[in-house]
Amino acid sequence: MLILAVLAVLVVAPAPAEAAGRCHRFGADFAPSTGNPQRLRVRFSVWRFGTNRPVYLHYVGPNHHLKRTVRLGTARGRCGFLRTGYRRLFPFTAGPGTWRLVFTTVRGYRVSPRPPFVRIAIGVLRG
């Protein structure tokens with residue numbers, strides 16, 4: 001049995017001044033955050049990624065290599081918000097270890113992406 005545990009949520013790089021209005025700092029998340037990672041269906045949300053910009057999710061494995069890149073959609077509205085429908089957290093079989101989900105606006109994965117980007121670390125345990 002696999003168990004999912006959220007280890008850390010890290011928002012990287014500061015957001016620019018609040019000149020755009022009441023937009024919050026950029027970030028990303030998913031809900032629900034617990035369950036079997038092989039069957040868990042979640043909604044991804046990203047905000048402040050820029051208006052009319054594509055949002056990609058890069059899955060980086062415990063060996064620090066890119067496993068897969070998925071396009072989540074296009075950020076809309078004044079603050080660049082996107083919320084997906086329910087989809088599998090891992091669209092593949094995730095092995096045990098610490099996986100990193102990297103949300104960016106660039107299709108190609110880079111170890112040090114340019115802002116805005118968010119990294120979320122997820123621990124997958126085998127029980």
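Of all the heavy atoms in Ala75 and Gly50, the pair that sits closest is CB-O, 3.3 Å. Residues Pro37 and Val124 share a closest heavy-atom pair of CG-CG1, 4.0 Å. For the residue pair Pro62 and Trp99, the shortest heavy atom distance occurs at CD-CE2, 3.5 Å. Nearest heavy atoms, Val46 versus Ala28: CG1-CB, 3.5 Å. Considering every non-hydrogen atom in both Gly61 and Arg100, the closest pair reads O-NH1, 4.4 Å. Here the shortest heavy-atom pairing between Arg41 and Pro32 reads O-CD, 3.6 Å.
Here CH2 of Trp47 is found 12.5 Å from CZ of Arg25. Values are rounded to the nearest 0.5 Å. Here CZ of Phe49 is found 12.0 Å from CZ of Phe81. Values are rounded to the nearest 0.5 Å. Taken from CG in Asn36 to CG in Leu89, the straight-line distance is 10.0 Å, to the nearest 0.5 Å. Note that the NE2 atom of His58 and the CZ atom of Arg68 stand 14.0 Å from one another [nearest 0.5 Å]. Atom-to-atom distance recorded for Leu101:CG and Phe44:CZ is 6.0 Å, nearest 0.5 angstrom.
Taking the ring centroids of Tyr56 and Phe103, they lie at or beyond the 6.0 Å cut-off.
Side-chain heavy atoms closer than 4.5 Å link hydrophobic residues (I, L, V, M, F, W, Y) into clusters, and following such links, even through other members, never connects Val111 to Phe117. Hydrophobic clustering (ILVMFWY, side-chain heavy atoms < 4.5 Å, transitive): Phe26 and Leu57 are in one cluster. Linking Ile, Leu, Val, Met, Phe, Trp and Tyr whenever their side-chain heavy atoms come within less than 4.5 Å leaves Leu40 and Tyr86 in two separate clusters. Cluster annotation: Val60 and Phe92 are assigned to distinct hydrophobic clusters (Ile/Leu/Val/Met/Phe/Trp/Tyr, side-chain heavy-atom contacts under 4.5 Å, transitive).
Leu125 places none of its side-chain heavy atoms less than 4.5 Å from the side chain of Pro96. Between Phe30 and Ile120 the shortest side-chain heavy-atom distance falls below 4.5 Å.
No side-chain donor from either of Arg107 and Thr104 sits under 3.5 Å from a side-chain acceptor of the other. Side chains of Thr105 and Arg53: a donor on one and an acceptor on the other come within 3.5 Å.
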Can you check side chain to side chain contact (heavy atoms under 4.5 Å, CB included) on Val70 and Tyr59, steps first, answer last?
CA-CA 8 Å; Val70 176; Tyr59 291 91; 3.8 Å; yes

List the steps, then state whether side chain to side chain contact (heavy atoms under 4.5 Å, CB included) holds for Gln38 with Thr93.
CA-CA 6 Å; Gln38 302 309 326; Thr93 302; 3.9 Å; yes

Please lay out, stage by stage, how Val55 and Thr74 fare under the test side chain to side chain contact (heavy atoms under 4.5 Å, CB included).
CA-CA 6 Å; Val55 178; Thr74 303; over 6 Å; no

Quick one: do Leu72 and Leu82 satisfy side chain to side chain contact (heavy atoms under 4.5 Å, CB included)? Show the steps, please.
CA-CA 8 Å; Leu72 295 179; Leu82 168 68; 3.9 Å; yes

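The number of heavy atoms from other shown groups lying within 6.0 Å of CZ (Arg110) does not exceed 12. The environment of CZ in Arg71 is crowded: more than 12 heavy-atom neighbours from other residues, nucleotides or ligands sit within 6.0 Å.
Under a 3.5 Å cut-off, the side chain of Thr51 and the backbone N or O of Gly77 do form a donor-acceptor pair.
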